[in-house]
Participant: 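Sharing a structure below in structure tokens format, with a few things to ask.
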Amino acid sequence: MADNKALTTRAADFSAWYNELIMRAELADYSPVRGCMVIRPNGYAIWEQMQRALDQMFKDTGHQNAYFPLFIPQSFLAKEAQHVEGFAPETAVVTHGGGKLLEEPLVVRPTSETIIYSMYAKWIQSYRDLPLLINQWANVVRWELRTRLFLRTTEFLWQEGHTAHATEAEAEEETLMILGLYRTFMEQWMGMPVLTGRKTDSERFAGALRTYSCEALMQDNKALQAGTSHNLGQNFARAFDVQYQSADGAMEYVWNTSWGVSTRLVGGLIMTHGDDTGLVCPPRLAQYQAVIVPIYKTDEERGTTLEVAQRIRADLQKAGFRIHVDARDGLKPGAKYYEWEARGVPLRLEIGPRDVGNGVATMARRTGGPKEPLPFADIVARFGQEVDRMQQGLLATAIARREANSLRAPKSKQEFIDFLAADGGFVYAGWCGDPAVEEEIKQ
RNA sequence: CGGGACGUAGCGCAGUCCGGUAGCGCACCUGAAUGGGGUUCAGGGGGUCGCGGGUUCGAAUCCCGCCGUCCCGACCA
């Protein structure tokens, strides 16, 4: 790697630590375009793992993937009054195509409600067409004033689910089901505990009836909005005339939901588990759950340890684990350790002549503690235990930290003020379980 | 859009006050040795000094203008 100095510590400057970690772990890089980022292979691999898990969860709950266009006619955005008010200020607009001025400017989607519900109007005729449960994986563009790698970039990757239902109750059920699905993913895959709740009117999605959110505590004692699920009511159905004929022959507007999580989750992962050495990636989302480092002096030792390393990799891969053998020559083992630790690989297996002689691999955990020998004989079982233990351990650690910092919704304005005065680690970042209390606090 | 810092090799920086041959560390390339926690030695390649103008015999350095980046705030997946 290009830099072998220590990271700025979290305690010294959390923002600097965050930026340096991303560069060191080669997760992303700044692009020539202001506010945009390049997601490098190490970072994209984490996003791919997230996509894989979420995509399966969506499909298991009856959703299908589709793809809608990047460009939206500008007039579409204006059809829902609150929606245009919320998003128009931060859109990128295409005015020319093929060297000619366009008759109607095209908005680069900041979100896809309008283009999707314009299509739903064509596809939905009967109550038999409902519910319609569609998700898309896409990029969107929002012209933010201030950007940060993964957390808020001008262009970002996300999934957006868009559903249509016959009744308000069904739409609400879907909205809350997805909120729970997000929570399961964030806790069980990312090891990131979240509080779920309803946003206030002022922080509600532009055009929604109700917005629910997952909020997670980061190590700087700030909360991160990690995902949102909206009950859109009939606002978009009316704006785009999405009607169906009910069983008794009446024409009714559908009830919609939309919900999304983005590459911001990668930022949340970093800020939840990262330490002053670099990234700490939960095993379920790690590109590699372990890296095997062969250690040798002579060519003969090199041949032996590499052969054993490859055999162990094959065994572990057969059992479904993701393993990498770092066979690069000319780098001392210690240099490899530092590099893989910065990248967050959960487990490391060292295999040197002594290990081969003892019939073990020496295992080191990214989360610290003494190294341990894993006998070749039952390495697959032991490895699986370690993976599970680390996955659960990371969540437990994050929960304990949250408890220690008292992240919870204030129950009254006075409680909020008291916490601020005491500086007791109370976290308030635009989330509150009770909208009424939050409105009161804002005053 | 307000406040602050900055822009010199891929990265991090010195040099700027006081104008005079473009430097250092890391990374990279070649060779040899080394190898259980960031190897060592030797050799080597790489630069419109952010851009434009001005002053000057001469500008990374002084003057004017512009552009860009990062950090902190107001707004947001």
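In what follows, chains are A, B, ... by sequence order, proteins preceding strands, each numbered from 1.
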Participant: I'd like the P distance from C63(B) over to A77(B), given in whole Å.
Facilitator: 45 Å

Participant: For the pair Glu20(A) (side chain) and Thr8(A) (backbone), establish whether a donor and an acceptor sit closer than 3.5 Å, ignoring hydrogens and angles.
Facilitator: yes

Participant: Do we see a donor-acceptor contact under 3.5 Å between the side chains of His162(A) and Glu160(A)?
Facilitator: yes

Participant: Remember a base hit wins even if backbone is also touched, and classify Tyr30(A) as base, sugar-phosphate or nothing at under 4.0 Å, heavy atoms.
Facilitator: sugar-phosphate

Participant: Starting the side chain at C-beta, find the nucleotide from G37(B), A77(B), G36(B) nearest to Arg348(A).
Facilitator: G37(B)

Participant: Less than 3.5 Å apart, any donor N or O on the side chain of Glu172(A) or Tyr212(A) sitting next to an acceptor on the other?
Facilitator: yes

Participant: Picking from G38(B), G35(B), G36(B), which would you name as closest to the side chain of Arg354(A)?
Facilitator: G36(B)

Participant: One pair to check against side chain to side chain donor-acceptor pair (under 3.5 Å): Thr175(A) and Thr257(A). What are the steps and the verdict?
Facilitator: CA-CA 6 Å; Thr175(A) 308; Thr257(A) 80; 4.8 Å; no

Participant: Using a 5.5 Å cut-off between ring centres and planes within 30 degrees, is Tyr337(A) stacked on the base of G37(B)?
Facilitator: no

Participant: Give one of base, sugar-phosphate or nothing for Asp299(A), where a contact means two heavy atoms less than 4.0 Å apart.
Facilitator: nothing

Participant: Please tell me which of Leu151(A) and Asp13(A) maps to the more 5' nucleotide of RNA chain B, matching each residue to the nucleotide holding its nearest heavy atom.
Facilitator: Asp13(A)

Participant: Can Arg152(A) and Thr147(A) be counted as having a side-chain donor-acceptor contact under 3.5 angstrom?
Facilitator: no

Participant: Looking at Asn19(A), does any N or O in its side chain come under 4.0 Å of the phosphate oxygens OP1/OP2 on C71(B)?
Facilitator: yes

Participant: With the side chain of Ile295(A) defined as its heavy atoms from C-beta on, choose the nearest nucleotide among G36(B), G37(B), A77(B).
Facilitator: G36(B)

Participant: As a test of reading the structure: which of A77(B), G36(B), G37(B) is closest to the side chain of Pro353(A), going by heavy atoms?
Facilitator: G36(B)

Participant: Is Phe156(A) stacked on the base of A77(B) when the test is centres under 5.5 angstrom and planes under 30 degrees?
Facilitator: yes

Participant: Between the protein and nucleotides 66-68 of chain B, are there any N/O to N/O pairs under 3.5 Å, and if so, what are the atom names and distances?
Facilitator:
none

Participant: Tell which nucleotide pairs with C18(B), taking only Watson-Crick or G-U wobble pairs whose two distances are both under 3.5 angstrom.
Facilitator: none

Participant: Testing the 3.5 Å rule here: is there a donor-acceptor pair between the side chains of Asp326(A) and Tyr337(A)?
Facilitator: no

Participant: Check if the side chain of Arg302(A) and the base of G35(B) share a donor-acceptor pair of N or O atoms closer than 3.5 Å.
Facilitator: no

Participant: For G31(B), which nucleotide is its Watson-Crick or G-U wobble mate, given both distances must be under 3.5 Å?
Facilitator: C41(B)

Participant: With the side chain of Arg152(A) defined as its heavy atoms from C-beta on, choose the nearest nucleotide among G35(B), G38(B), C76(B).
Facilitator: C76(B)

Participant: What nucleotide among C1(B), G36(B), G35(B) has an atom nearest to a side-chain atom of Leu145(A)?
Facilitator: C1(B)

Participant: Are any protein N/O atoms closer than 3.5 Å to N/O atoms in nucleotides 39-41 of chain B? If there are, list each pair with its distance.
Facilitator:
none

Participant: Under 4.0 angstrom, heavy atoms only, what part of the nucleic acid is Gly352(A) near: base, sugar-phosphate, or nothing?
Facilitator: base

Participant: Do the side-chain N and O atoms of Thr362(A) and Asp355(A) include a donor-acceptor pair separated by under 3.5 angstrom?
Facilitator: yes

